[in-house]
**Q** 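Before I ask anything, let me first share the structure, which is written out below as structure tokens.
Only heavy atoms go into these numbers, but all of them, side chains included; no hydrogens, no water, no symmetry mates.
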Amino acid sequence: MTSKPKYDTINLADLKLDSNNPRLPKSLHGKDEVDIIEYMLLDASLIELMLAIGENDFFPGEQLLVVKDTDGKYKVIEGNRRLSAVKLLSNPELARVQKIKIEKVLEETKHRPKEIPCLIFNSESEIHNYLGYRHITGIKEWKLLEKARYLNGLRRENYSKIPINQASREIAKIIGSRMDYVRRILIGYEIYSTIEDEAFF
């Protein structure tokens with residue numbers, strides 16, 4: 001019988017990246033965290049995620065999914081991107097690329113999480129079963145219009161008095177996304193709303 005995962009906060013120093021993560025290219029399997037973080041910095045929008053976590057702290061509802069490894073540390077099976085962002089916030093020397101961008105993030109943010117919320121599983125297979133439910137059955141992803149309405153609501157409630165570029169940047173920091181992506185959605189929603197109001201359909 002599969003046991004339930006245990007919730008706990010784990011010190012950042014006791015968490016390690018999964019070097020065999022299937023999302024990584026095979027050439028990185030077995031590499032150290034500096035190599036993995038470099039790949040993620042170049043490919044996985046880590047800067048935006050660093051901004052979001054540094055601005056808002058690490059949300060307890062976004063637990064990392066971990067298993068205890070043979071060395072006594074906890075290997076992160078789900079959440080390697082978030083862990084990389086947190087590691088860079090506390091130890092920017094891990095970065096070999098995008099150092100200027102990281103320095104700017106550190107100047108603009110205040111949170112440096114050290115105790116990270118985690119769900120501790122007994123085995124990797126239990127995590128994969130959980131993820132199968134979560135991503136395929138348990139969570140329905142928002143459609144583009146739903147995302148647009150949400151972002152527009154954020155702008156209207158909090159950033160209505162500043163230009164759209166500045167608002168887009170502030171919202172991107174909150175949600176961990178790219179400023180240009182947020183701006184495109186906001187502009188698109190304004191056009192959509194105009195069409196809807198004028199009954200152009």
**Q** Using the rule that two of Ile, Leu, Val, Met, Phe, Trp, Tyr join whenever any of their side-chain heavy atoms come within less than 4.5 Å, decide whether Leu144 and Met179 are in one cluster.
**A** no
**Q** Out of curiosity, Lys101 NZ to Met50 CE, how far, rounded to the nearest 0.5 Å?
**A** 12.0 Å
**Q** Do NZ/NE/NH1/NH2 and the carboxylate oxygens of Arg96 and Asp35 come within less than 4.0 Å?
**A** yes
**Q** Can you name the residues that form a salt bridge (Lys or Arg N to Asp or Glu O under 4.0 Å) with Glu115, not counting sequence neighbours?
**A** none
**Q** In chain order, what residues pass the side-chain hydrogen bond (donor to acceptor under 3.5 Å, both in side chains) check against Asn122, with sequence neighbours excluded?
**A** Ser3
**Q** Is it true that Leu106 and Phe58 fall in one hydrophobic cluster, defined by side-chain heavy atoms closer than 4.5 Å?
**A** yes
**Q** What is the distance from atom NZ of Lys114 to atom OG1 of Thr9, rounded to the nearest 0.5 Å?
**A** 14.0 Å
**Q** Look up atom CD1 in Ile127 and atom CD1 in Ile77, then write down how far apart they are to the nearest 0.5 Å.
**A** 5.0 Å
**Q** What is the distance from atom CD1 of Ile47 to atom NZ of Lys104, rounded to the nearest 0.5 Å?
**A** 11.0 Å
**Q** Test side chain to side chain contact (heavy atoms under 4.5 Å, CB included) on Ile120 and Leu65 and set out the steps.
**A** CA-CA 6 Å; Ile120 305 169; Leu65 308 187; over 6 Å; no
**Q** In this structure, which one of Lys16, Lys73, Lys87 forms a salt bridge (Lys or Arg N to Asp or Glu O under 4.0 Å) with Glu33?
**A** Lys87
**Q** Should Ile100 and Leu51 be regarded as members of a common hydrophobic cluster, given that ILVMFWY residues are connected when their side-chain heavy atoms come within less than 4.5 Å of each other, either directly or indirectly?
**A** no
**Q** Give, for atom CZ of Arg184 and atom OG of Ser168, the distance between the pair rounded to the nearest 0.5 Å.
**A** 10.5 Å
**Q** Please check if Leu49 and Phe59 belong to a single hydrophobic cluster, counting links between Ile, Leu, Val, Met, Phe, Trp and Tyr side chain heavy atoms closer than 4.5 Å.
**A** no
**Q** With sequence neighbours left out, which residue pairs that include part of residues 148-160 fulfil the side-chain hydrogen bond (donor to acceptor under 3.5 Å, both in side chains) condition?
**A** Arg155-Glu190
**Q** At what distance, to the nearest 0.5 angstrom, does CD1 of Ile37 lie from CG of Leu46?
**A** 8.0 Å
**Q** For the pair Arg112 (side chain) and Thr109 (backbone), establish whether a donor and an acceptor sit closer than 3.5 Å, ignoring hydrogens and angles.
**A** yes
